[in-house]
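Comments concern the structure below.
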Amino acid sequence: MRLSLYLLIAFGVVHSHSVSVRYILNALAGELHYEAILLVESSRESESCWKHKDVQGAVPILSFNGNQSLYLKDDFSTNILALVCLDGSEGSNMQALYQNLEDMRDTPTILFVPSDSELQDVFLECLRRKMLNVLAFKGSDWGFVYSFRAFPEFRVIERNVRDVLQYFEPQLEDLGGHTLSTLPDNIIPRTAVYRSPDGSRQLAGYLYPFVRNYVSTINATLKICWHLVPEDGMTQLGEVVRLSEIHDVDLPLGIHGIEHGTTSQNVPLEISSWFLMLPMEPCLPRAKLFVMLGFEKLAPVLLLLTILLGNAHRIESGLGPSWRCYILVDRVLRGALAQPFFLPRRLSVRLMLVYFVILLNGFTFSNCALTILETWLVHPPPGHPIRSWEQLRTLKLKVLTIPADLDTITKALGKQFAQRNSDLFELSDAVNFQNRRLAMDQSYAYPVTGTLWPLLKHVQTRLRQPAFRRSRELVLIPLLILAMPLPKNSMFHKSLNRYRGLTQQSGLYQYWSRRSFGELAALRKIHYKVKGGQQTYRDFEWQDFGYVWLGFVAGAAVSVLVLLGEIGYHSWQLGRN
């Protein structure tokens, strides 16, 4: 009788154990909607915390032990649930868990720990490894589930399983005033360090309100690591990431292209491109404008119209067609130039229609030529635009850049390009490079992104002629996704990514970006470019009509020669008669 009672109690315990596993997994399936289960268990099946039949269901199962690990993020869906058995192999199993959840430490994780384990130590180690979504069951009694709150102070929470409505409670909705640190790169217009009237350092730029408002939405406090930010000059993003890892900075404040030097935790912010900003070429002299109107393109049309009109006259007189058209050259030329001419007698309707078409064509062309000429006189077109790297070399124009950007150019365009055109690039320190580019020093060309160019273009709005133009041919990277790289295994990756989507959908991000120009102008970090003494109007001078005078003299000379020829030919005819 006593043996039967013992067997009944043992069967009841086992039965309740298996029911608890299924109960928990079913509840989590509705809460998390996980698509796979990751098992990290003991290498010996006898020490396992569960039976495989108790966790098998409709989702696939990935089973590992303390001696196995795999980088899952790039190969599997990250929407998984991790179950970890710590009976007798806590160290190796937890190390395998950290390696398997590399770059996906926000994965919901359940730990099954021995009854004699100190939960606080286990949870503190999880927090140090940047894992927040962690639950634990202690010993064989699964009636209570343990979790922890990381912010604003660490504490362990015990709950009854039957009373739990939500197993994994959000940790990043309210940090209770916890301080988050940030490290700006001091690259205008994204971030700009300046001194306030009381002498304290402040931060401007459109990335600052972005991260400041994010921190306020999770009820945290933002701290800027001023001791890591230089007073002048910018910090390259690779250095920002390195310093962030060394000093445990939560939010590095900068963006870069994810194609080159990317980290595994990126928050995409902008879609841009990378190209050269070139000094505007000098305008063409006024004298050349008169020879650019396309009169040479009109000559074949005049010839065809002359032949047409000549044959129309011959057909009107009852003669056959002929290619000879020299008799009517004067009238066709007058019509093409929209000049009046006299007809010797009334012509037929068809011939009058031909004359009308010629006159209308000449009138249209004359007005177009005058309009183009007047436009060019007010806004002269640039001469010989730079369209190739070889033209840069011919004009002895160098591209000013910094070593980090030159490395990126080498990766983007190849080592052969960098070696072949190494003479075109001049390296500079970050301070000199940023100052020259913002001041628009026309001694160099500069690489800029599609997000910086609108601001630099706006700087030139008060100039009569822009000082720089965007190059459509000299493009370094045609498509560039700019992202904020968070530290490895950052706890804020998903939260910040969600916040980024909301700000861009609402237009806040674009608003901060547009507002940054006025903010930087007020701080005198950037200013409108104005050229003193620039003439807005200039009367015509003698040299402006150089080609016109040349054409007039050449035409007069030809006319005199033709007149002399006609006189000579007439005298010769009189002599013969």
Side-chain angles (χ1 to χ4, degrees), residues 187-188 233-234 236-238 256-257 259-261 272-289 291-292 376 379-460 463-480 482 526 529 531 534 546-547:
I187 297 180
I188 296 175
M234 53 189 182
Q236 290 303 306
L237 201 65
H256 72 154
E259 289 85 356
H260 305 285
S272 181
S273 59
W274 205 29
F275 49 85
L276 287 188
M277 181 178 76
L278 299 174
M280 285 294 294
E281 298 82 1
C283 297
L284 286 174
R286 278 185 169 187
K288 288 188 177 181
L289 302 181
V291 297
M292 295 174 57
W376 284 348
H379 300 286
H384 306 294
I386 300 172
R387 302 187 186 278
S388 66
W389 297 97
E390 191 60 37
Q391 284 180 284
L392 285 177
R393 184 176 289 106
T394 303
L395 296 173
K396 298 181 180 180
L397 181 65
K398 290 185 177 293
V399 179
L400 189 66
T401 184
I402 55 178
D405 285 353
L406 184 59
D407 293 340
T408 305
I409 293 173
T410 303
K411 292 178 182 178
L413 301 180
K415 292 184 178 179
Q416 293 183 351
F417 169 84
Q419 294 172 357
R420 186 172 62 252
N421 299 289
S422 59
D423 58 315
L424 294 177
F425 295 92
E426 181 174 324
L427 296 180
S428 172
D429 60 273
V431 177
N432 180 58
F433 170 74
Q434 184 160 246
N435 290 340
R436 284 183 178 270
R437 186 170 65 175
L438 293 178
M440 294 198 167
D441 184 355
Q442 293 184 298
S443 304
Y444 299 94
Y446 307 91
V448 296
T449 59
T451 53
L452 175 61
W453 172 245
L455 184 140
L456 296 178
K457 187 178 180 181
H458 188 67
V459 169
Q460 309 176 74
L463 293 177
R464 183 168 176 267
Q465 294 291 339
F468 280 84
R469 68 174 180 88
R470 171 180 180 171
S471 175
R472 301 286 181 179
E473 294 80 19
L474 304 181
V475 179
L476 304 175
I477 302 178
L479 179 62
L480 187 63
L482 299 176
I526 196 170
K529 189 172 180 61
K531 283 185 178 180
Q534 189 176 27
Y547 289 97

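Residue numbers start at 1 and run along the sequence shown. Since the structure is predicted, the reported quantities are computational estimates derived from the model, not experimental observations.
A 4.5 Å side-chain heavy-atom check between P385 and Q391 finds every atom pair outside the cut-off. The side-chain heavy atoms of R470 and R472, taken from C-beta on, include a pair separated by under 4.5 Å.
In K457, the NZ atom is not crowded: 12 or fewer heavy atoms of neighbouring residues, nucleotides or ligands sit closer than 6.0 Å.
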request  = For side-chain contact (heavy atoms from CB on, under 4.5 Å), just list the numbers for L456 and M440, CA-CA rounded to whole Å, side-chain angles, deciding distance to a tenth of an Å, and then say yes or no.
outcome  = CA-CA 8 Å; L456 296 178; M440 294 198 167; 3.5 Å; yes
task = Decide yes or no on side-chain contact (heavy atoms from CB on, under 4.5 Å) for I402 and L427, but give the supporting numbers first.
result = CA-CA 5 Å; I402 55 178; L427 296 180; over 6 Å; no
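For the atom pair S443 OG and K398 NZ, the distance stands at 12.5 Å (nearest 0.5 Å). Between the NE2 atom in H256 and the CG atom in L480 there is a gap of 9.5 Å [rounded to 0.5 Å]. For the atom pair F275 CZ and L476 CG, the distance stands at 9.5 Å (nearest 0.5 Å). The distance from atom CH2 of W389 to atom CG of L413, rounded to the nearest 0.5 Å, is 6.5 Å. In this structure, CE on M280 lies 8.5 Å from CD on Q460, to the nearest 0.5 angstrom. Taken from CE in M277 to CD in Q442, the straight-line distance is 9.5 Å, to the nearest 0.5 Å.
Nearest heavy-atom pair, P478 versus S273, reported as atom, atom and distance to 0.1 Å: O-CB, 3.1 Å. Minimum heavy-atom separation, P279 to L397: CD-CD2, 3.7 Å. In plain terms, the two heavy atoms of L278 and A445 that are nearest each other are CD2-CB, 3.6 Å.
By the 30° and 60° cut-offs, the orientation of the rings of Y446 relative to F468 is tilted.
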Check: residues 414-422 side-chain donor-acceptor pairs under 3.5 Å, at least two apart:
residue	atom	partner	partner atom	Å
N421	OD1	R393	NH2	3.1
N421	ND2	F417	O	3.2
S422	OG	Q419	O	3.4

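Exactly one of I386, T401, L392 qualifies for a side chain to side chain contact (heavy atoms under 4.5 Å, CB included) with L276. That residue is L392. Screening N432, L400, V448 for a side chain to side chain contact (heavy atoms under 4.5 Å, CB included) involving R437 leaves a single residue, V448.
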